[in-house]
Q: 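This is the structure I want to talk about, given as structure tokens.
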Amino acid sequence: MSENNQGPVAFDGRLFSMNRNKIPREELAQHAGKYVAFSLDGTQILVSAEEEEDVDVKLRAVGIDPSRVVHGYIPSPEEHTFL
């Protein structure tokens with residue numbers, strides 16, 4: 001997947017959240033305890049990595065501009081979050 005578009009990136013936070021919430025728990029579980037890059041529309045996880053800085057490395061390796069994704073973290077079941 002290549003997203004080498006230039007110019008401003010349109011981001012719709014509401015759409016992202018709605019789509020992100022539709023990603024099946026089973027898919028999210030595959031990335032538990034990892035840093036991830038979501039597509040701008042929130043429909044998919046593009047890459048994941050144990051270390052945050054490795055996410056951008058992986059994105060560039062597959063031809064995706066790191067500024068055109070939403071970075072995040074998916075906690076493992078053992079982690080406590082206050083959100």
Side-chain angles (χ1 to χ4, degrees):
M1 171 180 240
S2 180
E3 294 184 11
N4 292 326
N5 301 329
Q6 300 300 316
V9 176
F11 176 72
D12 182 337
R14 184 169 174 250
L15 177 65
F16 173 85
S17 294
M18 286 184 352
N19 288 334
R20 159 56 181 88
N21 290 334
K22 293 177 185 176
I23 296 175
R25 288 189 182 269
E26 299 78 28
E27 184 175 345
L28 295 173
Q30 295 174 26
H31 304 280
K34 296 182 182 177
Y35 295 91
V36 297
F38 292 98
S39 59
L40 282 177
D41 64 2
T43 58
Q44 61 183 319
I45 296 171
L46 303 171
V47 300
S48 66
E50 299 287 334
E51 301 296 327
E52 189 172 13
E53 55 272 5
D54 292 336
V55 171
D56 287 355
V57 172
K58 287 184 172 188
L59 287 168
R60 287 186 187 99
V62 295
I64 299 173
D65 180 344
S67 70
R68 296 181 177 274
V69 303
V70 176
H71 290 81
Y73 179 77
I74 299 176
S76 68
E78 302 82 36
E79 291 179 86
H80 296 281
T81 61
F82 296 101
L83 299 177

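Just the heavy atoms: all of them, side chains too, but no hydrogens, waters or symmetry mates, feed the values below.
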Q: For a 4.5 angstrom cut-off between non-hydrogen side-chain atoms, does Leu40 reach Leu15?
A: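 Not touching, per the 4.5 Å side-chain cut-off.
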Q: Taking the side chain as every heavy atom from C-beta outward, state whether Ile23 and Arg20 have any atom pair closer than 4.5 Å.
A: yes
Q: Just so I know, are the side chains of Arg68 and Leu59 near enough to count as touching, which here means a heavy-atom distance under 4.5 Å?
A: no
Q: Sequence neighbours left out, what passes side-chain hydrogen bond (donor to acceptor under 3.5 Å, both in side chains) with Asp41? Give chain and number order.
A: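 Scan of Asp41 (side-chain hydrogen bond (donor to acceptor under 3.5 Å, both in side chains), adjacent residues dropped) gives Ser39, Thr43.
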Q: Which pairs count as ring-ring contact (aromatic ring centres under 6.0 Å, His included) when at least one residue sits in residues 13-34, sequence neighbours excluded?
A: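 ring-ring contact (aromatic ring centres under 6.0 Å, His included) check on residues 13-34 returns Phe11-Phe16, Phe16-Phe38.
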Q: Do Val47 and Val36 make a side-chain contact, defined as non-hydrogen atoms from C-beta onward lying under 4.5 Å apart?
A: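 The answer is no; the side chains never approach within 4.5 Å.
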Q: My understanding is that only residues two or more places apart in sequence, or in another chain, count here; which of them pass side-chain hydrogen bond (donor to acceptor under 3.5 Å, both in side chains) with Asn19?
A: none
Q: List in chain and number order the residues that pass side-chain hydrogen bond (donor to acceptor under 3.5 Å, both in side chains) with Glu50, two or more places apart in sequence or in another chain; answer none if no residue qualifies.
A: none
Q: Looking at every non-hydrogen atom in both residues, tell me the closest pair between Lys34 and Ser48 and how far apart they are.
A: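 Closest pair (atom of Lys34, atom of Ser48, distance): CD-OG, 3.7 Å.
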Q: Just jot down the side chain to side chain contact (heavy atoms under 4.5 Å, CB included) partners of Pro77, sequence neighbours excluded, or say none.
A: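 Side chain to side chain contact (heavy atoms under 4.5 Å, CB included) check on Pro77 returns Ala32.
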Q: For Glu78, check side chain to side chain contact (heavy atoms under 4.5 Å, CB included) against everything at least two apart and list the hits.
A: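 If we apply the side chain to side chain contact (heavy atoms under 4.5 Å, CB included) test to Glu78, skipping adjacent residues, the hits are Ser76.
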Q: Apply side chain to side chain contact (heavy atoms under 4.5 Å, CB included) to Ala49 and list each qualifying residue two or more places apart in sequence or on a separate chain.
A: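 So Ala49 forms a side chain to side chain contact (heavy atoms under 4.5 Å, CB included) with Asp54, Val55, Lys58.
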